[in-house]
Structure formats: structure tokens, C-alpha cells
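Report on the structure given below.
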Amino acid sequence: DNSVPNLVLGATIAGGGLAVDSDPQITGEAPNRVLTDFGFVGGGHSNTAGFDNGSTATGFSSVVGGGVRNSAIGAGSAVVGGFNNRAGGEPDPAPTSFGHSSFIGGGGNNLAAGEGSVIAGGRDNTASGDRSAIVGGERNCAGGDHSFAGGLRGVIRPPDGMQPGTACSGFNSSGDANGHEGTFLWAGADGNNYISGGANQFLVRASGGSVFQRNIGNAARLPRGVFNVVAGDSGEAQPASLNVNTLLSVESDAAAFISMLTPASANRGILFASPGQSSQGAITYNGSLNSLQFTANGQTTMTLTNGV
């Protein structure tokens, strides 16, 4: 029951396929089909390489390895396995110029609609940006060109006029033709949507804290605060939980400094702000005067020069 139309060139169906409604234990079974020149389906059932629009060039050289109800529509696109995945072919019903060279490794209900887009696995993910990627997880949208999303409900806004797939639908677009391009977004499993705010951003939602550490044994350090940098073991016992009021924790097994490197005449320091006041207080090294200044309530209260 598997089929390759007569005018299709160089196509192969290696096996699999089922007649429609042939097995009472399976729902929605159907034969495998190759509708495009040099397309390939390896096995499984209800899989399609190419698109039924009357042209054997649509989806040229597309591949479906196996699985169930998978389709590779973009030219040179591929779906390795899983179920209800689609590489290319958005928007319907004219997918000839969308999603070529896209790839889906597996999982279910994933859509790789952008040119050269990749979804490694997971489910209900959409990679609609060109050369975008989703490593896995669930209901993630990589809507910007060259964007990366992962985790649970991470959304990188798509461009105007294109919101394909479940994961990218229902959100405001980026306001331009590229989506929030170049944005990396990781959404922890908090259950709520985590939506990008602009292009070329590095965004991480980690309610349990984030840790950047050197090679200290084989175990990750437990976060003491929201953002943690660990160069070594200070000897302090690992915390039972993070302190949400500690925004930055820096730990080392030797001396520890925070360095602010600027041109010699530039100022550097720490600002203390509140809503509506960007520098309510400050500790500032004035590079042009070579002095250390202390500011409170917007006024410089003390200045140290040459150690005085």
C-alpha cells in the first residue's frame, strides 16, 4: 500500500506502512508515501516525504527515517523519527519556499519551519526562525533567525506575519521581519511562558539559581544566591536553599576580587538605585581625578585622594 507516483524520480520506500484502518489496535494508520524526487521513507507508517501539490520538486531530497505521521516537506529536510513531526512546509498551503534543509530528530508534534532550523526532540516545539534551534523540552518557540530556545514554554518572538506551530502562536510578534534574532533563551520548568524582550539577548529563567563554576570535583555547587560564580571551595557548608535576597554570590578557595577594567580616565564603581532614581547612592573611582568618591542621596559626601 506504500506509494510513489509514476513521475517521481529516484524515490525509495524501504518498508513499513499500513493500509488505512487495517489494524483495530492502531488509530490513524496509513501507507508511507514519497511525493518528491529523490525522497526517502525508511519505515514506520503514515509518513510522507514531499508535498502533494502536483510538483515532484517540492521537498526535493527530503527524508523520513521512520516513526508515525511524520512529514518532511522542505527541500533537503529530514525527520528521523517520533510522531506528528514536520520539517518544513509552513505556511500552508504553499510550502515550497519555507523550511528547506530543516531537521527534526524525534519527539512529537514538533515543527521545524525555518530554513535550516533544527529541533533535536521534545514535543510541541516550533523552530520558525531561519537557522534557529531547539534542543528539546516542551512548547518552546525559536521564532527569531539564528535563535536558540529550550526548557519549558520558552518563547522567542517570531517576525511579523508568521506565527506557525502551536508554540509560536498567540504571542505578539517582534515588529520586524527577523523575529528576535540571535537570542538565546532557556526557560526553567516553572510552567509559565518566558517570552523574549528583544534581539541578540542571552536570557535564562532559573528559579533555583544559576551557577558558573570551575572544575571543582564532579558535583555542581549548590547556589547561595540568584547568580553564583564559584572559583573554588571557600570551606563554607553548602546551603540548604538559596537566599533570594542574595543576587550575586562570588566564592573562591583563595583571594577573591571583582575587577572593573576601563580606560584610565573613565569612572568605575557601584551604583545604588531605586525606582525613578538611577544613582541614589554610589561608590565611584573617578579616573580623571584618581579619587574614590562616596555618594549618598545624590550628593558626594566623601572623597579619598592619595589614600586620604
Side-chain angles (χ1 to χ4, degrees), residues 144-151 154 156-157 174-176 178-188 190 194-217 219-308:
D145 295 348
H146 306 99
S147 64
F148 178 99
I156 299 173
R157 295 187 191 276
S174 64
D176 62 13
N178 302 309
H180 283 166
E181 70 272 19
T183 289
F184 177 105
L185 185 148
W186 182 267
D190 295 282
Y194 184 44
I195 307 170
S196 64
N200 298 311
Q201 297 180 347
F202 186 92
L203 306 172
V204 176
R205 179 181 67 189
S207 60
S210 59
V211 178
F212 286 77
Q213 76 176 61
R214 296 179 63 188
N215 184 18
I216 308 170
R221 307 294 288 183
L222 298 178
R224 301 184 187 278
V226 176
F227 187 86
N228 305 265
V229 178
V230 183
D233 187 352
S234 66
E236 178 71 13
Q238 290 290 284
S241 61
L242 67 85
N243 185 340
V244 295
N245 293 318
T246 301
L247 301 186
L248 171 63
S249 173
V250 179
E251 183 176 358
S252 176
D253 57 358
F257 296 92
I258 297 176
S259 176
M260 300 180 188
L261 183 62
T262 71
S265 61
N267 293 347
R268 49 272 199 196
I270 301 173
L271 301 178
F272 303 92
S274 61
Q277 299 187 60
S278 60
S279 57
Q280 197 170 14
I283 302 172
T284 307
Y285 187 86
N286 188 311
S288 61
L289 299 177
N290 289 320
S291 63
L292 186 63
Q293 300 173 339
F294 294 82
T295 302
N297 197 27
Q299 302 294 321
T300 299
T301 59
M302 183 169 62
T303 299
L304 301 178
T305 303
N306 294 328
V308 180

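Shown here for Val230 and Val211, the closest heavy-atom pair between the two residues is CG2-CG1, 4.2 Å. Shortest non-hydrogen contact noted between Pro223 and Gly208 is CG-O, 3.1 Å. Annotation for Ser291 and Thr305: closest pair CB-OG1, 3.4 Å, computed over non-hydrogen atoms. Nearest heavy atoms, Ser278 versus Ala273: O-CB, 3.3 Å. Across all non-hydrogen atoms, the minimal contact from Ile156 to Ser147 is CD1-CB, 3.6 Å. Listed here is the closest heavy atom pair of Ala231 and Ile216: C-CD1, 3.9 Å.
Asn267 CG to Ser288 OG: the interatomic distance, rounded to the nearest 0.5 Å, is 6.0 Å. To the nearest 0.5 angstrom, Leu289 atom CG is 8.5 Å from Thr303 atom OG1. The OG1 atom of Thr295 lies 11.5 Å from the CD atom of Gln280; values are rounded to the nearest 0.5 Å.
Counting non-hydrogen atoms of other residues, nucleotides and ligands closer than 6.0 Å to CZ of Arg214 gives a total of 12 or fewer. For Gln238, the CD atom is densely surrounded, since the number of other residues' heavy atoms within 6.0 Å is greater than 12.
Ring planes of Phe227 and Phe212: tilted class, angle from 30 to 60°.
Put simply, the side chain of Ile283 reaches to within 4.5 Å of the side chain of Phe272, judged on heavy atoms. Under the 4.5 Å side-chain criterion, counting only non-hydrogen atoms from C-beta, Phe294 is in contact with Leu304.
Screening residues 228-240 for salt bridge (Lys or Arg N to Asp or Glu O under 4.0 Å), with sequence neighbours left out, gives Arg221-Asp233. Screening residues 244-255 for side chain to side chain donor-acceptor pair (under 3.5 Å) gives Arg224-Glu251, Ser234-Glu251 as the qualifying pairs, with residues at least two apart or on separate chains.
With Gln277 as the partner, the side-chain contact (heavy atoms from CB on, under 4.5 Å) test is satisfied by one option alone out of Ser279, Pro275, Ser274: Ser274.
A donor-acceptor pair under 3.5 Å links the side-chain atoms of Asp176 to the main chain of Asn178, judged by distance alone.
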List the atom pairs, with distances to 0.1 Å, where a side-chain N or O of residues 196-206 and a protein N or O form a donor-acceptor pair under 3.5 Å, not counting sequence neighbours.
{"residue": "Ser196", "atom": "OG", "partner": "Arg157", "partner atom": "N", "Å": "3.0"}
{"residue": "Ser196", "atom": "OG", "partner": "His180", "partner atom": "ND1", "Å": "2.6"}
{"residue": "Gln201", "atom": "OE1", "partner": "Gly198", "partner atom": "N", "Å": "3.4"}
{"residue": "Arg205", "atom": "NE", "partner": "Asp190", "partner atom": "OD2", "Å": "3.3"}
{"residue": "Arg205", "atom": "NH1", "partner": "Asn192", "partner atom": "O", "Å": "2.7"}
{"residue": "Arg205", "atom": "NH2", "partner": "Leu152", "partner atom": "O", "Å": "3.2"}
{"residue": "Arg205", "atom": "NH2", "partner": "Gly188", "partner atom": "O", "Å": "2.7"}
{"residue": "Arg205", "atom": "NH2", "partner": "Asn192", "partner atom": "O", "Å": "3.1"}

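With no hydrogens or angles considered, no side-chain donor-acceptor pair links Asn286 and Thr284 at under 3.5 Å.
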